[in-house]
Amino acid sequence: MGKNRSESRTEKSWQSRLTSQADAETASFLASLDVDRALWRYDIAGSLAHARMLSESGLITQDEYQRIRDGLHSVADDIEHDRLEMPVELEDIHMVIEAALIERVGDVGGKLHTGRSRNDQVALDLRLWARDAIDDLCSRVAELQRAFVDLAERQGKVVIPAYTHLQRAQPTLAGHMMLAYVEMLQRDADRLTDCRRRVNVCTLGSGAAAGTTLPLDRERTAELLGFPRYSRNSIDATSDRDFLAELCFDCALLSVHLSRWAEDWIIFSTGEFGLLVLDDAYCTSSSMMPQKKNADTLELIRAQAGGGIGRLTGLLTLLKSLPIGYSRDLQDDKRFALPAVEACLSALKVAAGVVATARLDEPRIADALEDGFLDATSLAEYLVLKGVPFRKAHQVVGGLVVRAEREGKRLAEIPLEVLREAAGQVDADVEKHLGSANVVKRYSPDGSGGARQLLKQLNYWKRKLD
Ligand code: ARG
C-alpha cells in the first residue's frame, strides 16, 4: 500500500479504523510485550493448530496452510534465536508474530486470524502456558518432597523435640517432622492438579465475545492442542481468568508453606536451637562480622510469600468489578501470574538443594534432648493406664514438673517413692515411660511420631513419589 518497510513493520492490523496514532509514550503504555513475549511458544502453537483446522475446514486451502505453517516456523526460529525485532507499537506478542508472518509470506498470512480474536487467542495462550506451568510446579514440588523423604531416611530415626508455640512439646522421630512438610507440599500438588482440570479447556473459536459466523471445527482445534474439551460459552471463555486466580492462589499458599518451613529451619539452625546444620553453599557470611553464617537462602524463601500473596491480591483486585466480556484490564493479568509461577519455581529449586544438603546435628540434639520435660505427657498417660482419670493425671504430673524444675531434675530422676506419694500406684516399670527415646518407642496409633509409623509413612511416600 505504498508504505515503506519500516512503517509497515509497526503498522497495526486494525489501524484503518483510527484516524490518529498513539505517540511513543502512549504506545508503550498500551503494550504488554515486555511480559507476554514469554508466551511466544504458546502463541505459535495455537496459531499452527488454528491454521490447520482452518485448512481442514475448507476456510483456507492446503497450500495456504502450508505457507502459513512454514512462515510460523520461521518466525518461531527467529524468536528462539533472539533475531526477531519486536516493535513496541505492535503492542503484544500476538500482533508481533502476525506482522512477522505477513512480512514473510505476504497477504496469505492475513488469513491466519480468520475466525479469531486476540481475546480468545490470549485466553488460549494463557491456558497453554498455565498447563505447562502447573506441570513444572508439580515436578519441582515432587523434587522437594523427595529431598525431605531422603532426609527422613538418612537421619529420620534421630529423636528431636516436636514444638507447639515454638516451645518444646513432645519427643518425635525427626523423620516424622520431615514428612509433615511432605504432606503440606502434597496438598499443594493436589491443588495444582485440580486447577489444571479447569485450565485444560480450549478457548479458540470464541472470537472476540459472541463467537464467529464462520464454520470453525472447535473440536479439532482442541484435539490438536491436546485439550480434552473446548469452552461452552464464548463470552465466559474470553473474559474468564478464574484459572489464573486459582493458580496464583495455589502459588501463594505454596509460598506460604515454604515460608513456614524456611522459618522453622532458620530457627532450627541457630546456635540457640542447634538442631540443624545447613550446607555453606546455601548460606552467606557478613561483610563486617567474620564469624557469621547466615541462612540467607531460607530468609529469601520466607520473604517470597509476601510477593506471592501480593500477586494474588493484585490479580483478584484487577478482576473485581470487571464487566463480563473482555476488557483491556485483563492484559495486566500476566503481570501477576507469570512472576507468581517464576518465584515459586525458583524457591522450590533452592529449597530442594537446602534440604538435600542439610544434616541434623545429632550430638547437640542428644545433649539437649532431655531438657524441657518432653516426657511429661507420657508420664500422665502411664497413670491413665493405671486407671487414673486423665485430668487428674495431668494435674499430678504438672505438680511433679514444678518440683523437678525447682530441684534441677528430670522426671526420670524423681525417686519412685516420691512418684508414688504424688500419684498413687506407680511401679518400677514407669522408667520405660520416661525419657524421650522411651516415649517415642511407645507411640501407639498410626500418625504418631514413632518408628513403626515412620516406616509406614516412608513406604507410602517412596511408592507415591517414584
Ligand atoms: N494484549 C492483550 C491482552 O493481553 C491481547 C488482547 C487484546 N484484545 C483487545 N481487544 N484489545 O489481553
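Just follow the structure's listing: the first ligand is 1, and inside any ligand the first atom is 1. Values in this document were obtained by computation on a predicted structure and should not be read as measured data.
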Check whether the side chains of Asp132 and Tyr42 place a donor and an acceptor atom closer than 3.5 Å, and report yes or no.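 Indeed, the side chains of Asp132 and Tyr42 share at least one donor-acceptor pair under 3.5 Å.
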Consider every N or O of Gln331 and every N or O of ligand 1, then say whether any pair is closer than 3.5 Å. yes
His94 to ligand 1: N or O pair under 3.5 Å? no
Arg302/Glu299 under side chain to side chain contact (heavy atoms under 4.5 Å, CB included): CA gap, chis, key distance, verdict: CA-CA 5 Å; Arg302 183 174 62 185; Glu299 290 170 26; 3.6 Å; yes
Nearest non-hydrogen protein atom, [atom]:
atom                    : result
atom 6 (C) of ligand 1  : Tyr326 OH, 3.3 Å
atom 10 (N) of ligand 1 : Asn119 OD1, 3.2 Å
atom 5 (C) of ligand 1  : Asp92 OD2, 3.4 Å

Do His94 and Asp125 make a side-chain contact, defined as non-hydrogen atoms from C-beta onward lying under 4.5 Å apart?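 His94 reaches Asp125 side chain to side chain.
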Mark the output for Lys334 as yes if a heavy-atom distance to ligand 1 is under 4.0 Å, and as no if none is.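 The answer is yes: ligand 1 sits under 4.0 Å from a heavy atom of Lys334.
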Just to check, does Arg328 reach to within less than 4.0 Å of ligand 1 when the distance is taken from its heavy atoms?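 In this structure, Arg328 qualifies as a contact of ligand 1 - some heavy atom is under 4.0 Å.
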Proximal atoms of ligand 1 relative to Ser32 (non-hydrogen, under 4.0 Å): 1 (N)
If you apply the rule side chain to side chain contact (heavy atoms under 4.5 Å, CB included), what do you find for Asn459 with Leu455, and how did you get there? CA-CA 6 Å; Asn459 286 337; Leu455 187 65; 4.0 Å; yes
Report the relative orientation of the aromatic rings in Tyr163 and Phe273; use parallel for angles under 30°, tilted for 30 to 60°, perpendicular for over 60°. tilted
With Arg127 as the cation and Phe243 as the aromatic partner, state whether NZ or CZ is under 6.0 Å from the six-membered ring centre and within 45° of the axis.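 Positive - Arg127 is close enough to the ring of Phe243 and near enough to its axis.
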